[in-house]
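To start, the structure under review is shown below, and the notes come after it.
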Protein chains: 2
Amino acid sequence: MRTEDIKGMNGLASKEKFIISEIRDLINAKNFEPGEKLPSERLLAEKLNVTRGSIRNAIQKLEQYGLLKSMPQSGTFVSDLERTALNGMIDQILTLPTPDFKSLVETRIFLELKIVKFAAARHTEEDMAEIEQAQLNYRTKTLAGEDSVAEDLLFHLAIAKASHNASLQRLMLSITPQIITNFEKYHVCKNNTAISAIEEHEEVVKAIRTKRPELAEVKMKDHFSVLYQYCYET
Amino acid sequence: MRTEDIKGMNGLASKEKFIISEIRDLINAKNFEPGEKLPSERLLAEKLNVTRGSIRNAIQKLEQYGLLKSMPQSGTFVSDLERTALNGMIDQILTLPTPDFKSLVETRIFLELKIVKFAAARHTEEDMAEIEQAQLNYRTKTLAGEDSVAEDLLFHLAIAKASHNASLQRLMLSITPQIITNFEKYHVCKNNTAISAIEEHEEVVKAIRTKRPELAEVKMKDHFSVLYQYCYET
DNA sequence: ATGACCAGATTGGTTAACCAGTTATTCTCC
DNA sequence: GGAGAATAACTGGTTAACCAATCTGGTCAT
């Protein structure tokens with residue numbers, strides 16, 4: 001059995017993939033009931049001829065997806081899912097490809113259009129203050145002719161926070177940096193559009209402040225128009 | 001310095017929070033440039049009076065969000081983000097609350113309505129076969145009067161895969177199990193609605209097969225109507 | 001002066017021993 | 001024979017020593 005250390009398509013080392021699939025097979029072979037206890041890490045390590053650390057990594061991965069739950073000094077338990085569901089999820093996790101840039105941008109736009117609607121509907125006074133402060137920072141930095149990518153990011157994150165949906169906020173946090181760090185590479189963000197972005201931002205702010213979700217979405221869409229074209233017209 | 005082991009609001013142990021915030025402070029104090037190398041794990045551990053393992057955990061967390069990047073036998077580097085952006089992101093990560101059930105459901109519906117549109121537009125023959133097989137499984141299991149929560153989940157995951165957007169698929173994978181495992185607790189999924197769900201599913205399948213994104217979205221929305229009411233009418 | 005090169009220090013990653021709880025077992029006493 | 005307590009075995013988590021790749025600084029031949 002080769003266990004190369006090269007990273008796979010979805011960021012999982014192939015050794016980790018192997019272990020995860022073995023755990024899946026074990027769950028199937030033994031007809032595990034939901035909530036049942038997995039064999040101990042040591043036993044699994046011995047059975048699969050890998051180190052215990054590798055087992056722990058694999059378990060941690062599946063724990064991130066909510067499929068397993070480790071209890072200190074007690075054991076690792078499969079979550080309350082049917083075995084067939086567990087199987088399907090693990091299969092998808094194993095074959096999940098690394099998102100390409102277009103997928104990321106597509107997802108980001110889509111997330112933000114919803115987030116800004118929620119923000120317009122649910123924001124508090126403090127949220128509004130933070131958004132406006134972020135926009136002020138972006139404005140001054142941009143007008144000074146300096147690079148304002150960071151301030152732009154913070155503006156959008158402030159809106160995400162104001163959406164009062166922790167789940168959406170987290171998704172936003174997890175996909176944004178990947179996009180930002182690839183921006184230059186893909187030449188998506190033109191510097192000369194930064195000035196006009198100030199006004200676009202302020203239109204969004206105005207719509208949020210006046211609590212008009214639909215308008216906020218439209219204005220955000222305008223702001224994303226360049227990115228949008230990149231996604232759907234190439 | 002208290003370092004309780006109790007999990008914080010966002011699933012981060014307070015010790016981890018402390019370390020992450022210290023790392024942030026360090027990056028600020030030393031005016032780190034994008035891409036610069038962080039002090040070694042040993043040095044950080046000594047400086048913060050914690051074990052090296054704790055440092056490694058914190059770094060791993062920030063790596064998940066794409067803010068740091070560990071290079072074997074070389075060092076840990078901050079990603080190519082402005083320091084202000086780094087700061088804002090870390091602050092949000094530290095204060096991110098655990099998503100409540102309503103946030104999760106809200107997000108799931110929203111994701112699926114987009115996913116089904118993409119699936120209708122982009123699915124391949126294999127995708128379609130998998131979706132229809134999943135639906136068949138759901139149908140037979142439900143008609144047999146057995147519990148079909150797992151088959152329902154797999155049906156929706158098959159559609160997510162057919163969206164051909166790895167980013168969306170991953171988001172879907174990461175929020176679904178949390179919802180499923182809380183279903184019973186919140187009594188959202190009534191057993192007696194399962195039969196009618198068969199037809200709703202098949203309407204969705206039909207819309208996907210005939211490549212009508214808008215219709216697919218409508219049909220999916222119908223399918224989620226009960227959940228939707230739970231979200232927005234309580 | 002310059003470039004190739006080598007040894008030692010430093011790095012993140014890995015391993016194995018250890019720890020504090022939990023759980024199963026056995027032994028005792030009624 | 002059965003309930004309760006002591007105990008041994010086992011659990012995931014933690015720690016410290018170890019590893020191999022890498023980086024650094026100086027040295028030496030050119």
Side-chain angles (χ1 to χ4, degrees), chain A residues 1-8 11-20 22-23 26-27 30 32-33 35-79, chain B residues 1-8 11-20 22-23 26-27 30 32-33 35-79:
Chain A
M1 162 54 60
R2 284 291 301 279
T3 53
E4 304 162 359
D5 236 56
I6 299 163
K7 293 238 175 174
L12 271 62
S14 59
K15 181 163 62 167
E16 201 170 11
K17 277 194 175 187
F18 164 71
I19 295 173
I20 290 177
E22 285 291 324
I23 291 178
L26 177 76
I27 291 175
K30 302 269 182 174
F32 269 65
E33 294 292 320
E36 196 169 334
K37 193 171 89 173
L38 227 57
S40 76
E41 296 178 350
R42 290 168 236 267
L43 204 65
L44 286 172
E46 189 185 10
K47 206 161 207 162
L48 305 184
N49 276 325
V50 295
T51 176
R52 191 178 150 214
S54 306
I55 297 286
R56 282 180 65 76
N57 284 342
I59 288 176
Q60 190 182 24
K61 197 75 176 180
L62 292 176
E63 215 174 340
Q64 281 177 22
Y65 283 99
L67 303 183
L68 297 179
K69 181 68 187 168
S70 278
M71 305 294 280
Q73 281 81 37
S74 172
T76 301
F77 301 82
V78 303
S79 70
Chain B
M1 162 54 58
R2 286 291 301 278
T3 53
E4 303 164 359
D5 234 58
I6 298 163
K7 292 241 178 174
L12 271 62
S14 59
K15 182 163 58 167
E16 202 169 11
K17 277 195 175 186
F18 164 70
I19 294 172
I20 290 177
E22 287 290 324
I23 291 178
L26 177 75
I27 290 175
K30 302 268 183 177
F32 268 65
E33 295 292 320
E36 197 169 333
K37 194 172 89 173
L38 226 58
S40 76
E41 295 177 349
R42 291 168 235 269
L43 203 66
L44 286 173
E46 190 186 6
K47 204 159 207 163
L48 304 184
N49 275 326
V50 297
T51 175
R52 193 178 148 215
S54 306
I55 297 285
R56 282 181 66 74
N57 284 343
I59 287 177
Q60 192 183 25
K61 197 73 176 184
L62 292 176
E63 217 174 338
Q64 280 178 21
Y65 282 100
L67 303 185
L68 297 180
K69 180 67 186 168
S70 277
M71 308 290 281
Q73 282 77 40
S74 172
T76 301
F77 300 83
V78 303
S79 70

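Chain A is the first sequence line, chain B the second, and so forth, proteins listed ahead of strands; every chain is numbered from 1. When reading the values below, keep in mind they use all heavy atoms of this one structure, side chains included, and skip hydrogens, waters and symmetry mates.
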Inset, instruction - Respond yes when some side-chain nitrogen or oxygen of B:Ser70 is under 4.0 Å from OP1 or OP2 of C:dG12, and no when none is. - result: no
Legend entry - Short side-chain N/O contact to C:dT11 OP1/OP2 from B:Thr76, under 4.0 Å: no
Legend entry - Protein-nucleotide distance (B:Met71, atom CE; D:dA20, atom P), rounded to Å: 21 Å
Legend entry - Phosphate OP1/OP2 of C:dT11: any B:Ser40 side-chain N/O under 4.0 Å: yes
Inset, instruction - Would you kindly compare B:Ser54 and B:Lys37 by the position of their nearest DNA chain D nucleotide and give the one closer to the 5′ end? - result: B:Ser54
Legend entry - Nearest-angstrom distance from the residue atom CD1 of A:Ile55 to P of C:dA16: 14 Å
Inset, instruction - Would you indicate whether A:Glu46, at its atom CD, is surrounded by more than 12 heavy atoms from other residues, nucleotides or ligands within a distance under 6.0 Å? - result: no
Legend entry - Check: A:Leu48 main-chain N/O paired with A:Glu22 side-chain donor or acceptor under 3.5 Å: no
Inset, instruction - Could you say whether B:Asn57 or B:Arg52 is positioned toward the 5' end of DNA chain D, judged by the nucleotide with the nearest heavy atom to each? - result: B:Asn57
Legend entry - Non-hydrogen side-chain atoms of B:Leu38 and B:Ile27 separated by less than 4.5 Å: yes
Inset, instruction - Give a yes/no on whether any side-chain N or O of B:Ser74 is located under 4.0 angstrom from OP1 or OP2 of D:dC23. - result: yes
Legend entry - Proximal nucleotide (of C:dG12, D:dT15, D:dG13) relative to the B:Thr51 side chain: D:dT15
Legend entry - Nearest-angstrom distance from the residue atom CD of B:Glu41 to P of D:dC18: 18 Å
Inset, instruction - Take atom CD1 of B:Ile19 and atom C1' of D:dT14, then tell me their distance rounded to the nearest Å. - result: 13 Å
Legend entry - d(CD, A:Gln60; P, C:dG13) in whole Å: 13 Å
Inset, instruction - Whole angstrom is fine here: how far is it from CG in A:Leu38 over to C1' in D:dG13? - result: 17 Å
Inset, instruction - Rounded to the nearest angstrom, tell me the gap between atom CD1 in A:Ile59 and atom C1' in D:dG12. - result: 9 Å
Inset, instruction - Return no unless some side-chain N or O of A:Arg56 is found under 4.0 Å from OP1 or OP2 of D:dG13. - result: yes
Inset, instruction - Using a 4.0 Å heavy-atom cut-off across all strands, classify A:Gly75 as base, sugar-phosphate, or nothing. - result: sugar-phosphate
Inset, instruction - Return the minimal non-hydrogen interatomic distance between B:Leu44 and B:Pro39, and the atom names on each side. - result: CD1-O, 3.7 Å
Legend entry - Donor-acceptor under 3.5 Å (B:Ser40 side chain, B:Leu43 main chain): yes
Legend entry - Length of the line joining B:Leu62:CG and C:dG12:C1', which is rounded to integer Å: 16 Å
Legend entry - Pair of N/O donor and acceptor under 3.5 Å linking C:dG21 base with A:Gln73 side chain: no
